[in-house]
*Asks:* 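To start, I am sharing the structure in question, which I have written as structure tokens.
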Amino acid sequence: MKRLNRIFSLIIGILMATAAIAQETETGGQSFFGENGEIASNLPTSIPLKDRKPIEYNNPRADDIIWSKVIYRVIDMHEKINYPLYFPTMASDNRQSLFTTIFRLFEEGKIQAYEFEADREIFTEDRLVKFEDFLAKNEIMVEAEVDSITGDTLSTYIDESNIPNVEVLKYYLKEVWYFDKNNSTFSVRILAICPKIYRENYDMGGQLVGYPQFWVPFDQLRPYLAQQEALTSDRNNGARETMDDLFIKRRFGSYIYKESNTRNRNLIQYNSNAEEAHREQERIKNEIINFEQDLWEY
């Protein structure tokens with residue numbers, strides 16, 4: 001009788017353990033299946049993507065900033081180091097491009113976009129860009145689900161194939177480099193990002209022309225970028241970082257097109273040719289590097 005009780009208890013224990021494992025798989029983010037039923041090619045991790053948080057900043061006091069410089073950069077999607085931000089052109093395997101991420105967040109009202117102006121950035125309510133105006137400006141198709149009987153529109157949606165992801169070939173980036181005397185740290189913080197759509201301009205003989213769209217405060221994006229994986233290596237598919245990691249760890253390629261200055265001019269406006277502009281880029285870059293090095297020279 002005791003033997004039968006032990007066997008019965010063992011069977012019950014096995015059944016309970018199996019049920020617990022199944023529940024953990026369903027609720028703990030351990031399943032290989034995504035929300036759309038697609039089988040992921042990467043292993044599930046202990047922390048689901050939706051629970052990932054952005055890397056925390058060390059927020060300095062304004063009185064502790066004894067030096068700062070605002071820099072404007074261009075991120076070119078043609079550079080190989082930036083491919084993780086550009087691909088995939090169609091979302092797959094829990095991944096999507098940077099612009100698709102921005103587009104969907106804008107569509108859902110999770111981030112705010114502000115008008116792009118060449119000489120200044122003003123993030124006030126009167127400069128907000130409406131999503132509908134952005135769609136109309138870029139002739140992005142909105143599809144409708146129609147009732148087959150009444151012909152009434154049930155809902156509207158934007159198919160992923162209509163998102164102009166492949167046309168966003170560059171981004172403008174605004175950042176500030178600063179020295180915090182309280183912590184004796186030299187740091188950089190990205191302030192805003194602006195996607196730039198390139199299309200053929202037939203008035204200019206079919207030349208490809210870039211059109212800046214809007215500024216998005218970067219801190220609004222970070223919680224969502226921290227939940228967006230990027231495949232950074234063709235040789236190692238397990239080397240996945242979030243898009244937030246790529247920006248905060250400076251794992252992207254860019255070049256300087258402007259620094260803050262009294263006359264608010266970009267490099268092209270006060271350099272007569274590309275060679276002079278390149279020398280100016282190097283000067284600005286070296287100024288930042290030399291400032292940090294000079295801090296620790298005795």
Side-chain angles (χ1 to χ4, degrees), residues 65 67-82 85-86 98-99 102 106 111-124 126-129 133-134 137-138 164 167-179 186-201 203-221 246-248 250-292:
I65 304 300
W67 181 91
S68 68
K69 178 171 283 292
V70 174
I71 299 292
Y72 297 80
R73 294 181 179 273
V74 173
I75 301 178
D76 192 337
M77 295 295 106
H78 293 100
E79 293 188 43
K80 188 174 181 180
I81 192 174
N82 295 326
L85 301 174
Y86 185 73
L98 174 60
F99 183 72
I102 294 174
F106 190 13
I111 60 172
Q112 293 178 315
Y114 297 85
E115 293 177 359
F116 175 86
E117 294 186 50
D119 298 326
R120 58 181 182 171
E121 304 81 40
I122 302 178
F123 297 161
T124 55
D126 60 316
R127 304 297 176 122
L128 285 171
V129 176
D133 293 341
F134 163 72
K137 173 185 174 182
N138 291 281
E167 297 178 306
V168 181
L169 301 179
K170 292 182 180 180
Y171 290 86
Y172 287 144
L173 202 68
K174 181 179 181 179
E175 63 186 17
V176 58
W177 292 79
Y178 62 92
F179 179 72
F186 187 70
S187 305
V188 58
R189 181 172 299 189
I190 299 172
L191 302 176
I193 190 169
C194 169
K196 194 174 182 181
I197 291 178
Y198 279 77
R199 289 182 173 169
E200 292 182 351
N201 188 318
D203 294 334
M204 301 176 65
Q207 181 180 345
L208 208 60
V209 177
Y211 301 93
Q213 297 301 306
F214 47 73
W215 284 107
V216 176
F218 196 69
D219 282 349
Q220 286 189 15
L221 276 176
L246 298 184
F247 281 105
I248 300 306
R250 309 294 292 180
R251 295 190 59 185
F252 61 89
S254 64
Y255 58 87
I256 298 170
Y257 79 91
K258 180 181 175 182
E259 68 169 337
S260 58
N261 57 82
T262 54
R263 298 180 64 180
N264 199 25
R265 298 183 301 171
N266 61 46
L267 271 59
I268 300 299
Q269 291 175 315
Y270 64 92
N271 290 279
S272 58
N273 53 54
E275 184 178 351
E276 288 184 3
H278 179 69
R279 284 200 298 266
E280 185 66 3
Q281 288 174 335
E282 291 298 311
R283 181 195 66 78
I284 297 170
K285 183 171 66 175
N286 290 330
E287 180 182 348
I288 296 172
I289 294 173
N290 292 336
F291 179 84
E292 182 179 17

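Count residues from 1 along the sequence. Quick caveat, the model's predicted, so the values are computed rather than measured.
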*Asks:* If you measure only the distance, is there a donor-acceptor pair under 3.5 Å linking the side chains of Glu280 and Tyr270?
*Replies:*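 Distance-only check passes for Glu280 and Tyr270.
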*Asks:* A side-chain contact here means heavy atoms from C-beta on lying under 4.5 Å apart; do Tyr72 and Leu173 qualify?
*Replies:*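 Contact flag for Tyr72/Leu173 side chains = no.
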*Asks:* Is the shortest side-chain heavy-atom distance between Tyr255 and Gln281 below 4.5 Å?
*Replies:*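 Counting from C-beta outward, Tyr255 and Gln281 do come under 4.5 Å.
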*Asks:* Is any side-chain heavy atom of Val209 less than 4.5 Å from a side-chain heavy atom of Arg199?
*Replies:*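 No, every pair of side-chain atoms sits at 4.5 Å or beyond.
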*Asks:* Would you say the rings of Tyr172 and Tyr257 are close, in the sense that their centroids are separated by under 6.0 Å?
*Replies:*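 Here the rings of Tyr172 and Tyr257 have centres that are less than 6.0 Å from each other.
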*Asks:* Taking Asn82 for the side chain and Phe252 for the main chain, is one N or O donor matched with an acceptor at less than 3.5 Å?
*Replies:*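 Not a single qualifying donor-acceptor pair exists.
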*Asks:* Nearest heavy-atom pair of Asn266 and Ile268: which atoms, and what distance?
*Replies:*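 Scanning both residues completely, I find the closest heavy atoms to be OD1-N, 3.0 Å.
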*Asks:* Could you tabulate the donor-acceptor pairs under 3.5 Å formed by side-chain atoms of residues 210-220, not counting sequence neighbours?
*Replies:*
{"unit_1": "Tyr211", "atom_1": "OH", "unit_2": "Asn201", "atom_2": "ND2", "d": "3.2"}
{"unit_1": "Gln213", "atom_1": "OE1", "unit_2": "Asn138", "atom_2": "ND2", "d": "2.8"}
{"unit_1": "Gln213", "atom_1": "NE2", "unit_2": "Tyr211", "atom_2": "O", "d": "2.7"}
{"unit_1": "Gln220", "atom_1": "OE1", "unit_2": "Gln112", "atom_2": "N", "d": "2.7"}

*Asks:* Are Val129 and Phe106 side-chain neighbours, meaning at least one heavy-atom pair lies under 4.5 Å?
*Replies:*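 When only atoms from C-beta onward are counted, Phe106 and Val129 do touch, with a gap below 4.5 Å.
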*Asks:* Do other residues, nucleotides or ligands put more than 12 heavy atoms under 6.0 Å from the CZ atom of Arg127?
*Replies:*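 Counting neighbours around CZ of Arg127, more than 12 heavy atoms of other residues, nucleotides or ligands fall under 6.0 Å, so yes.
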*Asks:* Starting at CG of Leu208, measure out to CG of Leu169 and round the result to the nearest 0.5 Å.
*Replies:*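 So the gap between those two atoms works out to 6.5 Å.
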*Asks:* Nearest heavy-atom pair of Gly253 and Ile81: which atoms, and what distance?
*Replies:*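 That would be N-CG2, 3.3 Å.
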*Asks:* Quick one, Leu191 and Glu121 - any side-chain contact, counting heavy atoms below 4.5 Å?
*Replies:*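 Result no, sub-4.5 Å side-chain heavy-atom pair not found.
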*Asks:* So Met77 and Lys170, do their side chains get closer than 4.5 Å, heavy atoms only?
*Replies:*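 In short, these two side chains do not touch, never coming nearer than 4.5 Å.
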*Asks:* For the pair Tyr86 (side chain) and Asp76 (backbone), establish whether a donor and an acceptor sit closer than 3.5 Å, ignoring hydrogens and angles.
*Replies:*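 Not at all, since once roles are kept as given, no pair shorter than 3.5 Å links the two residues.
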*Asks:* Give the minimum heavy-atom separation between Phe247 and Ile190, together with the two atoms involved.
*Replies:*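 Minimum heavy-atom contact is CD2-CD1, 3.8 Å.
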*Asks:* Using 0.5 Å steps for rounding, measure from the CG atom of Asn264 to the CZ atom of Arg120.
*Replies:*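 One gets 10.0 Å once the value is rounded to the nearest 0.5 Å.
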*Asks:* Can you tell if the side chain of His278 reaches within under 4.5 Å of the side chain of Asn271, non-hydrogen atoms only?
*Replies:*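 No, their side chains stay 4.5 Å or more apart.
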*Asks:* Do you know which two heavy atoms are closest between Ser68 and Val176, and how far apart they sit?
*Replies:*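 Answer, listing the atom of Ser68 first, then Val176: CB-CG2, 4.1 Å.
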*Asks:* Take Glu282 and Lys285, measure what salt bridge (Lys or Arg N to Asp or Glu O under 4.0 Å) needs, and give me the verdict at the end.
*Replies:* CA-CA 5 Å; Glu282 291 298 311; Lys285 183 171 66 175; 3.3 Å; yes
*Asks:* Closest approach of Val70 and Lys174, non-hydrogen atoms and distance?
*Replies:*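 Closest approach of Val70 to Lys174: CG1-CE, 3.8 Å.
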*Asks:* Could you please spell out the steps behind the salt bridge (Lys or Arg N to Asp or Glu O under 4.0 Å) verdict for Arg283 and Glu259?
*Replies:* CA-CA 11 Å; Arg283 181 195 66 78; Glu259 68 169 337; 2.7 Å; yes
*Asks:* Would a distance-only check, ignoring hydrogens and angles, find a side-chain to backbone donor-acceptor pair under 3.5 Å from Asn261 to Arg265?
*Replies:*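 The answer is yes, because a donor-acceptor pair under 3.5 Å joins these two groups.
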*Asks:* Between Glu167 and Ile197 (side chain of the first, backbone of the second, donor and acceptor by atom type, cut-off under 3.5 Å), is there such a pair?
*Replies:*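 Answer holds: no.
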*Asks:* How about Phe179 and Phe186: are their ring centres within less than 6.0 Å of each other?
*Replies:*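 No, ring centres 6.0 Å or more apart.
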*Asks:* If I compare all heavy atoms of Ile75 with all of Ser254, which pair ends up nearest, and what's the gap?
*Replies:*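 That would be CG1-CB, 4.1 Å.
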*Asks:* Does the separation of the ring centres of Phe291 and Trp177 fall below 6.0 angstrom?
*Replies:*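 Aromatic pair excluded; centres sit 6.0 Å or further apart.
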*Asks:* How long is the span from the CD1 atom in Ile111 to the CG atom in Leu221, to the nearest 0.5 Å?
*Replies:*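 One finds 5.0 Å between CD1 of Ile111 and CG of Leu221.
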*Asks:* What is the distance from atom OH of Tyr171 to atom SG of Cys194, rounded to the nearest 0.5 Å?
*Replies:*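 One finds 10.0 Å between OH of Tyr171 and SG of Cys194.
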*Asks:* Roughly how far, to the nearest 0.5 Å, is the NZ atom of Lys258 from the CD1 atom of Ile284?
*Replies:*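 Between Ile284 CD1 and Lys258 NZ, I get 11.5 Å after rounding to 0.5 Å.
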*Asks:* I want to check something: taking the side chain as every heavy atom from C-beta on, are Val168 and Leu98 in contact at a cut-off of under 4.5 Å?
*Replies:*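 Answer no - side chains too far apart.
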